[in-house]
Participant: 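Have a look at the structure that comes next, please.
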2 protein chains.
Amino acid sequence: MPRTAANRPAMLAQSAFDLFAERGFGKVAIDDIAAHVGVTKGSFYSHFRSKHELILAACSYYYRSYQQRIHEEIAPLTNPAERLRRVVETSVRTCIVDKRNRMFTAEIFALSLKDEQVRNGWAQFYDSVREMYVGLVMSAQAAGYTDIANPRGAVDMMLAAIEGVKLRAGFEPHIADEDEQQAIVDGLLSIVLLKSSNSTRPEKATS
Amino acid sequence: MPRTAANRPAMLAQSAFDLFAERGFGKVAIDDIAAHVGVTKGSFYSHFRSKHELILAACSYYYRSYQQRIHEEIAPLTNPAERLRRVVETSVRTCIVDKRNRMFTAEIFALSLKDEQVRNGWAQFYDSVREMYVGLVMSAQAAGYTDIANPRGAVDMMLAAIEGVKLRAGFEPHIADEDEQQAIVDGLLSIVLLKSSNSTRPEKATS
DNA sequence: GATCAAGGATACCCTCCGGTATGTAACGTG
DNA sequence: CACGTTACATACCGGAGGGTATCCTTGATC
C-alpha cells in the first residue's frame with residue numbers, strides 16, 4: 001500500500017457529487033475532483049476507469065444518501081399518517097433547502113436522456129421510492145386515514161408533482177420559505193389523502 | 001447581398017433546437033448546426049455572436065412554438081371547461097408525444113441552473129403559461145365548473161405535476177400510450193377542478 | 001459598371017480536458 | 001530483504017470544438 005489509503009473511492013464520489021451539483025457534469029474536470037480530495041488525476045484513474053464510472057458512483061452516492069435520510073426520519077415514528085407526512089416533509093425539505101440536490105438531479109435528468117446506465121440507475125431509485133410511498137399510503141389507508149381508490153396512481157401523480165416543484169424551486173427561490181413549504185406539503189398530501197378533512201395530521205385523525 | 005439570404009437566423013435557431021433536443025447543448029457543435037442548414041461556421045458567426053446567443057434563440061423558438069400551438073388549439077373553442085381541458089390535453093400530448101420537447105426542456109433546466117439569461121427566459125415563459133392557466137381556471141370557475149378555493153395555488157401544483165410527468169415520461173415511455181394520456185389529463189384536471197363529479201367534460205357540466 | 005456592404009467559405013488558432021505512459025514511494029508477503 | 005502490488009505524482013498526447021482572420025461572392029445603389 002502507498003502513503004495514505006483510506007476510502008478514496010468514496011471520497012472521490014462524494015467530491016464528485018459536490019462539484020457536479022455545483023457546476024454540472026460537463027463543467028467539472030477530473031483534475032478538479034482529484035484536487036478537491038487532494039490528489040492528482042493519475043491517482044484518480046487508479047480508482048475509476050473513466051469519468052462515466054465516476055458519474056455513476058456520484059449518482060449512487062446521492063441515492064444512498066437520500067434513502068438513508070428518509071429511513072432515519074421515519075424510524076422513530078409508528079403512526080402511518082405521521083410517517084407519510086414526515087416522508088413528504090423530508091422530501092420537500094431536501095429538495096428545497098438543499099440546492100445541490102436540486103441541481104444534481106437536474107443534471108441527472110439531462111444526462112439520462114442520452115445515457116442508458118444513468119437512466120436505469122435513476123429508474124431503479126425512483127421505483128424504490130415509489131414502492132416506499134405506496135406502502136406508506138396503503139398503511140395510511142388501512143388505518144383509515146384515506147380511502148383513495150387508486151393508491152399507486154395517486155402516488156405517481158404526487159411524485160410527479162414533487163419533481164415539478166423541485167424544478168420550479170430553481171426558478172422561484174421563495175418556495176424555500178417556511179410557510180410555503182408547509183403549503184406544498186399539504187398540497188402534495190392532498191393528492192394522496194382525503195380532501196374533505198385535514199385528516200393528514202395525526203391528532204386530527206378520524207380513526 | 002450574397003447568394004441566398006432568406007431568414008437564416010430563424011433557420012439556424014430551428015436547426016439548433018432540433019439538434020439540441022437530440023443531443024443536448026454540450027454535444028452539438030456549431031459546425032453541426034451550420035451544416036444542418038447547409039452553411040459553414042464562418043457564416044454562422046455573421047448571424048450569431050456566440051453559441052450562447054444561439055441557445056437563447058433556440059429557447060425563444062421553443063417558447064413561441066408552444067404558445068402558438070396552444071393558441072391555435074383553443075381559438076375555435078368557447079366553452080371554458082372545454083378550453084381548459086383542451087389546453088391540458090395539448091400540453092400533455094406535446095410533452096409526451098414529442099420527445100424532442102421533453103429533451104429540450106430538460107436541457108434548459110440543467111443549463112438554467114448556471115445561466116441567468118436562460119433562467120430568466122424560462123421564468124418569463126413559465127409565468128405567461130401560468131397566467132393563461134389561471135385565466136382559464138377562473139373562467140371555468142365563473143361558469144360553475146369548479147369552486148376551487150385557491151385557483152393560483154392549484155394551477156401551480158398542476159403545472160408542477162405536468163413538469164413531473166414530463167420527466168417521468170423520459171424513464172417510462174409507456175406513458176405515451178393513448179389511454180395513459182387520458183388518465184394523466186384527468187389526474188391533472190382533478191387538481192384544478194372539483195373532485196366529486198366529472199364536471200370537466202362540458203356535456204356533464206352542472207351549470 | 002465601379003463601389004460597397006453583407007453573407008458566405010476556408011483555414012487556422014488556442015484552449016480545455018479525458019485519457020495514458022511512465023516513474024516512484026510505501027506497504028504486505030514470502 | 002527482495003518482490004510484487006497499489007496509491008500516488010508528473011508529464012504528455014490528441015481530439016474536439018469555440019471563436020477568429022481572411023478572402024470570396026453577390027446583389028443593391030449610384
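The chains referred to below are lettered A, B, ... by the order of the sequence lines, with proteins before strands, and numbering in each begins at 1.
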Participant: Nearest to the side chain of B:Ser46 - C:dG18, C:dG7, D:dG18?
Facilitator: C:dG7

Participant: Would you kindly give the CZ-to-P distance between B:Arg23 and D:dA16, to the nearest whole Å?
Facilitator: 13 Å

Participant: Rounded to whole Å, how long is the line connecting atom CZ of B:Phe48 with atom P of D:dT20?
Facilitator: 16 Å

Participant: Between A:Arg130 and B:Glu172, is the closest basic N to carboxylate O distance under 4.0 Å?
Facilitator: yes

Participant: Quick check on DNA chain C: between A:Gly42 and A:Asp32, whose nearest nucleotide comes earlier from the 5' end?
Facilitator: A:Asp32

Participant: Provide, to the nearest angstrom, the distance between the CZ atom belonging to A:Phe44 and the P atom belonging to D:dT10.
Facilitator: 17 Å

Participant: Atom CD1 of A:Ile30 and atom P of C:dC16: how far apart are they, to the nearest Å?
Facilitator: 16 Å

Participant: In whole Å, what is the span from the OH atom of A:Tyr45 to the P atom of C:dT22?
Facilitator: 18 Å

Participant: Please confirm whether any donor atom in the side chain of B:Lys41 sits under 3.5 Å from an acceptor in the base of D:dG17, or the reverse.
Facilitator: no

Participant: Under 4.0 Å between a Lys/Arg side-chain N and an Asp/Glu carboxylate O for A:Lys41 and A:Asp32?
Facilitator: no

Participant: Report the distance from atom NE2 of B:His52 to atom P of D:dG19, rounded to the nearest whole Å.
Facilitator: 11 Å

Participant: Could you work out which one of C:dG8, C:dC17, D:dA9 sits closest to the side chain of A:Ala29?
Facilitator: C:dC17

Participant: Rounded to the nearest Å, what distance is computed from the CG atom of residue B:Asp31 to the P atom of nucleotide C:dC12?
Facilitator: 15 Å

Participant: Quick test of your reading of the model: are B:Lys166 and B:Glu163 salt-bridged, counting only N-O distances below 4.0 Å?
Facilitator: yes

Participant: With sugar-phosphate meaning primed atoms plus P, OP1 and OP2, does A:Val37 contact a base, only sugar-phosphate, or nothing at under 4.0 Å between heavy atoms?
Facilitator: nothing

Participant: Examine C:dA6: is either OP1 or OP2 under 4.0 Å from a nitrogen or oxygen in the side chain of B:Arg8? Give yes or no.
Facilitator: no

Participant: As a test of reading the structure: which of D:dA9, C:dA9, D:dG19 is closest to the side chain of B:Ser50, going by heavy atoms?
Facilitator: D:dG19

Participant: Any donor-acceptor pair under 3.5 Å joining the side chain of B:Lys51 to the base of D:dG17?
Facilitator: no

Participant: Would you call B:Arg86-B:Glu82 a salt bridge at under 4.0 Å N-O?
Facilitator: no

Participant: Starting at atom NE2 of B:His47, determine the distance to atom C1' of D:dT20, rounded to an integer number of angstrom.
Facilitator: 17 Å

Participant: In terms of side-chain heavy atoms of A:Val39, which of D:dA9, C:dG8, C:dG18 is nearest?
Facilitator: D:dA9

Participant: Considering only distance and modelled atom types, tabulate donor-acceptor pairs under 3.5 Å from the side chains of residues 97-104 of chain A, sequence neighbours left out.
Facilitator:
| residue | atom | partner | partner atom | Å |
| --- | --- | --- | --- | --- |
| A:Asp98 | OD1 | A:Arg100 | N | 3.1 |
| A:Arg100 | NH1 | A:Asp18 | OD1 | 2.5 |
| A:Arg102 | NH1 | A:Ile96 | O | 3.4 |

